[in-house]
Trainee: 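Structure below; questions to follow.
Sequence positions, counted from 1, serve as the residue numbers for this chain.
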Amino acid sequence: MAAIRRTATRTWNRFAASDPGLLRLMAGLRTVGAIVLTLISLALLHTGVTLMVAGAMAAMVATFAIREKEVRGQAITLALGLPVALAAVTLGALLHSRIIAGDLFFLALIFGAVYARRFGDRGMALGLIGFQVYFVSLFVQATVPALPQLFLTLSLAFACSAVARFAIVPDTPERTLGRLREAFRARLAQLVATHRELVDAGPKQLDGVLDDLRRHTSRLHEAALMIQGRLEEGTRDAATAGLLQRRVADAEIAAERLGMMLLNARSAERTDTLTLHLPHAPVPATVNRMHVEGDAVATLRRDLEALHLMVARQAPGDRGTALAHVRNRLLGYRDEDSLPRASPAVQDAFRGLGEAARAVLGLRLALDGPQDESDDTSATTRSREEFDAEDLAIVGAEQEGEDEDDRTGLQRPTTRAAFQVAVGSALAIVGGEFLSSQRWYWAVLTCWVVFLNTASTGEILVKGYRRLLGTALGVVAGVGLAGLVGNHTWTAFALVLLCVFGMFFTAPLSYALMSFFVTAMLGLLYTLLNTYSLATLVLRIEETALGAACGIIAAVLVLPVHTDRRTDEHLGTVLTRLRESVSAAVAQLSGGPAADLLSGARDLDTALNDLRDSTQPLTHPITPLRGRRQTARYLVALLETCAYHARSLAATAELLPASRTVTPDPRLERVGRRIARNIDLIAARVADEHTEDEVESGASIASLLEADGAPAPTSGTVTFRVLRHLQRLDEGVVGIARALEVPVAGRGGRRSG
């Protein structure tokens with residue numbers, strides 16, 4: 001029985017780690033719950049199948065359209081959405097037989113729905129509800145005599161959506177943040193388990209283990225960013241949010257640093273940080289040199305298992321002395337005298353273990369509250385005292401709101417997108433009428449969808465391709481499902497629910513897979529409405545292809561935003577955030593005033609995510625420009641490496657002035673100036689600003705400090721670690737310059753990238 005429980009727990013932990021905060025699971029269950037309640041309510045009223053289909057679609061729209069985090073905001077938007085839905089279905093019924101007037105209104109509705117995105121989540125939700133409910137009226141062929149029944153159906157659908165959202169599958173910021181924290185813990189445990197595999201991986205297994213290491217490191221970072229996005233709403237005050245942000249960042253940085261130290265311990269030479277961020281990046285030595293270390297490596301294996309135990313165990317079961325003994329032993333590696341006899345690289349790995357154990361202890365204190373202190377050693381007591389000092393130093397600063405977009409008129413993204421989608425929809429209406437006077441709106445829907453959450457021509461092209469691929473595969477599934485259900489209405493509705501769940505569960509993972517479930521669901525709905533035929537599903541592919549083509553044409557011809565331009569904008573933002581983060585951290589490490597460094601580092605991470613999204617058209621497998629694809633991947637990997645070192649510097653700098661081990665070093669200011677100047681030069685080139693200056697490289701960071709006559713710090717000290725981060729940052733910035741063909745002048749003479 002215990003083995004079954006352990007297996008179930010491990011399986012659930014893997015699932016929770018794959019779906020941080022269970023956001024996808026909750027979205028799918030909430031939508032399915034709203035549809036089930038609507039279908040049951042309508043069945044009790046003995047309504048027809050057509051109204052049940054309309055109710056199911058309306059419940060789905062009312063549930064997925066609302067994305068606000070606060071419960072009060074969700075309730076207000078849902079209440080406002082009902083009159084919008086009633087107005088949309090009324091106009092759909094009134095214009096049912098007036099083709100030209102109906103088409104013109106549809107275009108106006110599309111323009112307004114996209115333009116409303118400028119008003120935030122609520123504007124986007126109301127616009128989406130208006131468009132989708134009007135689409136439902138076209139799908140069920142609503143007429144004026146049927147309006148009273150449709151009003152009742154929509155009202156029931158919105159009421160059932162409210163019950164599912166607020167009672168059956170509640171979505172409060174506190175609960176979501178709690179689930180995200182557990183997902184972070186599960187992902188951290190996965191990464192530590194991969195660290196253990198890395199120690200013994202042979203040459204044949206190394207590539208697979210490195211892929212796992214990169215994936216788990218990236219997923220841990222993703223979970224940390226998701227927590228960051230929920231802190232303000234999910235915690236009781238700014239001080240608690242700041243504390244949790246600090247502890248999560250510490251754990252993420254310590255885990256990533258431990259992975260790098262283990263890679264260094266395996267290799268004959270130092271491993272470049274890029275290894276963790278660039279797929280298929282080579283490791284300097286594939287032969288595992290840790291085998292010659294003997295007892296030290298055996299101890300390392302044991303202690304990595306112990307660290308995994310610290311991460312994976314839940315708080316209620318942590319009162320035993322075994323876990324306290326493990327914790328005390330690992331924290332002891334923060335003292336130089338406790339390190340085992342081994343090579344410097346392996347000793348660095350033990351130091352990394354000690355810092356990771358400290359970060360895990362801090363994370364547990366922040367997430368689970370005070371722990372048992374009866375078995376603490378002096379090393380553990382010192383770590384707790386450091387946490388207490390840091391907690392007192394953390395002052396909850398008010399979160400700054402997002403910068404308002406200072407662009408006006410046609411330059412505003414929402415205005416531009418509204419005109420683009422309106423023109424594309426007009427083309428789709430005309431072309432769709434030639435394909436089918438009854439199903440033309442599928443082309444319009446596709447054109448509308450490919451513009452959602454896209455901002456450049458390349459993104460629209462990729463999204464249109466994925467939707468067409470998913471639709472074609474969904475038609476095949478729809479044919480099979482329609483033949484399977486026959487005339488069994490409730491069997492069809494059950495399969496519809498499965499498709500709806502699949503649609504929402506896979507939406508963040510794969511747009512093509514989501515489109516597959518949508519099309520399979522439509523095949524079932526056509527069966528319920530007795531309008532199913534193979535020709536209808538084939539027409540669905542044709543209309544989808546037409547809608548995607550119309551969207552791409554509109555994106556290219558109407559106020560186009562080329563992928564290169566959008567990528568350059570995001571790249572400029574990333575470089576600016578990188579400079580700000582590094583400069584602020586170095587200033588504080590040099591003895592400057594305290595600042596909110598981790599928030600700046602998270603702003604850098606957010607900007608980097610935006611850049612990564614904007615480069616997807618360049619890195620997609622269908623792109624014909626393979627050279628640009630490799631350059632884009634390499635550049636993003638370099639920036640991810642620089643962001644990691646910036647986060648590490650910020651975390652170290654924020655230890656001042658509470659820590660006994662970190663002291664300011666005014667000499668670091670000179671190093672920071674060189675890195676900041678180089679970043680500024682690259683940003684100026686990206687912005688097409690004319691400059692004759694060159695990026696400076698050549699002298700190592702340590703040599704800049706030695707110029708002041710002081711000896712370089714020794715391995716294992718905090719100053720040495722800071723210098724190592726600065727050195728990697730300096731090398732990464734020079735690598736970015738060469739990738740972007742910015743001239744680089746080194747110690748050996750003038751070079752260009």
Trainee: Closer than 3.5 angstrom, by distance alone: can the side chain of Lys463 be matched with the main-chain N or O of Tyr511 as a donor-acceptor pair?
Mentor: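 Pair absent, no side-chain N/O of Lys463 close to backbone of Tyr511.
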Trainee: Can you check side chain to side chain contact (heavy atoms under 4.5 Å, CB included) on Leu177 and Leu244, steps first, answer last?
Mentor: CA-CA 11 Å; Leu177 180 59; Leu244 186 57; 4.2 Å; yes
Trainee: Quick one: do Glu252 and Arg219 satisfy salt bridge (charged side-chain N to carboxylate O under 4.0 Å, His left out)? Show the steps, please.
Mentor: CA-CA 10 Å; Glu252 178 195 355; Arg219 292 174 70 192; over 6 Å; no
Trainee: I'd like to check Thr90 versus Phe151 (side-chain heavy atoms, cut-off strictly below 4.5 Å). Are they in contact?
Mentor: yes
Trainee: Looking at Arg185 and Glu182, is any side-chain nitrogen of the basic one under 4.0 Å from a carboxylate oxygen of the acidic one?
Mentor: yes
Trainee: Mind checking whether Phe119 and Tyr115 have parallel, tilted or perpendicular rings, split at 30° and 60°?
Mentor: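 Correct class here is perpendicular.
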Trainee: Would you name the heavy atoms of Ala58 and Leu154 that are closest together and state the gap between them?
Mentor: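 So the two residues come closest at CB-CD2, 3.4 Å.
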Trainee: Taking all non-hydrogen atoms of both residues into account, name the closest pair between Thr63 and Ala34 and its distance.
Mentor: OG1-CB, 3.4 Å
Trainee: Report the distance from atom CZ of Phe516 to atom OG of Ser510, rounding to the nearest 0.5 Å.
Mentor: 11.0 Å
Trainee: Checking Gln74 side chain against Glu68 main chain: does a donor-acceptor pair fall under 3.5 Å?
Mentor: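 Yes, the answer is positive, given that a donor and an acceptor are paired below the 3.5 Å cut-off.
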Trainee: Show, in sequence, the C-alpha distance, side-chain angles and deciding distance for Met514 and Arg466, and conclude whether the side chain to side chain contact (heavy atoms under 4.5 Å, CB included) test is met.
Mentor: CA-CA 10 Å; Met514 185 199 76; Arg466 288 173 173 166; over 6 Å; no
Trainee: Check the surroundings of atom CG in Leu44: do more than 12 heavy atoms from other residues, nucleotides or ligands lie under 6.0 Å from it?
Mentor: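 More than 12 within 6.0 Å, yes.
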Trainee: Identify the two heavy atoms, one from Ala520 and one from Leu481, that lie closest to each other, and give their separation to 0.1 Å.
Mentor: CB-CD1, 4.1 Å
Trainee: Heavy atoms, side chains only, cut-off 4.5 Å: are Leu23 and Met226 in contact?
Mentor: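 Side-chain contact under 4.5 Å: yes.
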Trainee: Please answer whether the main-chain N or O of Pro170 pairs with a side-chain N or O of Arg175 as donor and acceptor at a distance below 3.5 Å.
Mentor: no
Trainee: When you look at Tyr441 and Trp448, which way does the ring pair (Phe, Tyr, Trp, His ring centres under 6.0 Å) test go after all the steps?
Mentor: CA-CA 10 Å; Tyr441 45 79; Trp448 155 277; over 10 Å; no
Trainee: To the nearest 0.5 Å, what is the distance between CD (Gln245) and CD1 (Ile227)?
Mentor: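 The CD1 atom of Ile227 is 10.5 Å from CD of Gln245, to the nearest 0.5 Å.
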Trainee: In Å and rounded to the nearest 0.5 Å, what is the CZ to CG distance from Phe131 to Leu445?
Mentor: 5.0 Å
Trainee: Measure the spacing between CG of Leu156 and OG1 of Thr47 and express it to the nearest 0.5 Å.
Mentor: 9.0 Å
Trainee: Could you tell me the separation between the CG atom of Leu469 and the CG atom of Leu513, rounded to the nearest 0.5 Å?
Mentor: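 Rounded to the nearest 0.5 Å, the CG-CG separation comes out at 10.0 Å.
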Trainee: So Arg24 and Asp19, salt bridge (charged side-chain N to carboxylate O under 4.0 Å, His left out) or not? Walk me through it.
Mentor: CA-CA 6 Å; Arg24 291 185 284 120; Asp19 181 16; 3.6 Å; yes
Trainee: Side chains of Val89 and Val136: closer than 4.5 Å at any heavy-atom pair?
Mentor: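 They are not in side-chain contact.
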Trainee: Is there a side-chain contact between Met57 and Phe135, using heavy atoms and a 4.5 Å cut-off?
Mentor: yes
Trainee: Between Leu51 and Leu42, which heavy-atom pair has the shortest distance, and what is it?
Mentor: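 That would be O-CD1, 3.7 Å.
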Trainee: Flag yes if more than 12 heavy atoms outside Ile99 fall under 6.0 Å of its CD1 atom; otherwise flag no.
Mentor: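 Not buried by this count: 12 neighbours or fewer within 6.0 Å.
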Trainee: Looking just at side-chain N and O atoms, do Gln141 and His96 make a donor-acceptor pair shorter than 3.5 Å?
Mentor: no
Trainee: Please check: side-chain N/O of Ser614 versus main-chain N/O of Leu611, any donor-acceptor pairing under 3.5 Å?
Mentor: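 Flag set: sc Ser614 to bb Leu611 pair under 3.5 Å.
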Trainee: If we only count heavy atoms from C-beta on, is the Met60 to Met503 side-chain gap below 4.5 Å?
Mentor: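 A side-chain contact exists here, since the closest heavy-atom pair is under 4.5 Å.
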Trainee: Indicate yes or no for a side-chain donor-acceptor contact from Thr573 to the backbone of Glu569 under 3.5 Å, with no hydrogens or angles considered.
Mentor: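 Side chain of Thr573 to backbone of Glu569: a pair is present.
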Trainee: Are Thr544 and Trp442 side-chain neighbours, meaning at least one heavy-atom pair lies under 4.5 Å?
Mentor: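 No; the side chains remain at least 4.5 Å from each other.
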Trainee: If you measure from CG on Leu150 to OG1 on Thr50, what distance do you get to the nearest 0.5 Å?
Mentor: 9.5 Å
Trainee: Of all the heavy-atom pairs spanning Cys160 and Ser41, show the shortest one and how long it is.
Mentor: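 For Cys160 versus Ser41, the nearest heavy atoms are SG-OG, 3.8 Å.
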Trainee: Pick from Asp103, Thr446, Val430, Val444: which one makes a side chain to side chain contact (heavy atoms under 4.5 Å, CB included) with Ser425?
Mentor: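 The option that passes is Val444.
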Trainee: For Ser161 and Ala157, indicate whether the former's side chain and the latter's backbone hold a donor-acceptor pair under 3.5 Å.
Mentor: no
Trainee: Could you walk me through whether Arg122 and Leu80 pass the side chain to side chain contact (heavy atoms under 4.5 Å, CB included) test, one step at a time?
Mentor: CA-CA 9 Å; Arg122 181 165 299 162; Leu80 294 174; 4.1 Å; yes
Trainee: Please report the C-alpha distance between Glu222 and Arg187 in whole Å, then the side-chain angles of each, then the deciding distance to 0.1 Å, and finally whether the side chain to side chain contact (heavy atoms under 4.5 Å, CB included) criterion is met.
Mentor: CA-CA 10 Å; Glu222 175 193 18; Arg187 289 191 168 187; 2.9 Å; yes
Trainee: Ignoring hydrogens and angles, tell me if any N or O in the side chain of Ser437 forms a donor-acceptor pair with the backbone of Glu433 under 3.5 Å.
Mentor: no
Trainee: When Phe517 is tested against each of Thr506, Val500, Leu498 for side chain to side chain contact (heavy atoms under 4.5 Å, CB included), which residue passes?
Mentor: Thr506
Trainee: Could you check if a side-chain atom of Arg540 sits within less than 4.5 angstrom of a side-chain atom of Val518, using non-hydrogen atoms only?
Mentor: yes
Trainee: Under a 3.5 Å distance rule, please check whether Arg179 uses its side chain to pair with a backbone N or O of Gly21 as donor and acceptor.
Mentor: yes
Trainee: Mind checking whether Asp121 and Thr77 have side chains closer than 4.5 Å, heavy atoms only?
Mentor: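 Of all side-chain heavy-atom pairs linking Thr77 with Asp121, none is under 4.5 Å.
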Trainee: Short question: side chain of Arg30, backbone of Arg165 - any donor-acceptor pair under 3.5 Å?
Mentor: no
Trainee: Considering all heavy atoms of both residues, which atom of Ala164 and which atom of Leu37 are nearest to each other, and what is their separation?
Mentor: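 Result for this residue pair: N-CD1, 4.3 Å.
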Trainee: Report the relative orientation of the aromatic rings in Phe106 and Tyr134; use parallel for angles under 30°, tilted for 30 to 60°, perpendicular for over 60°.
Mentor: tilted
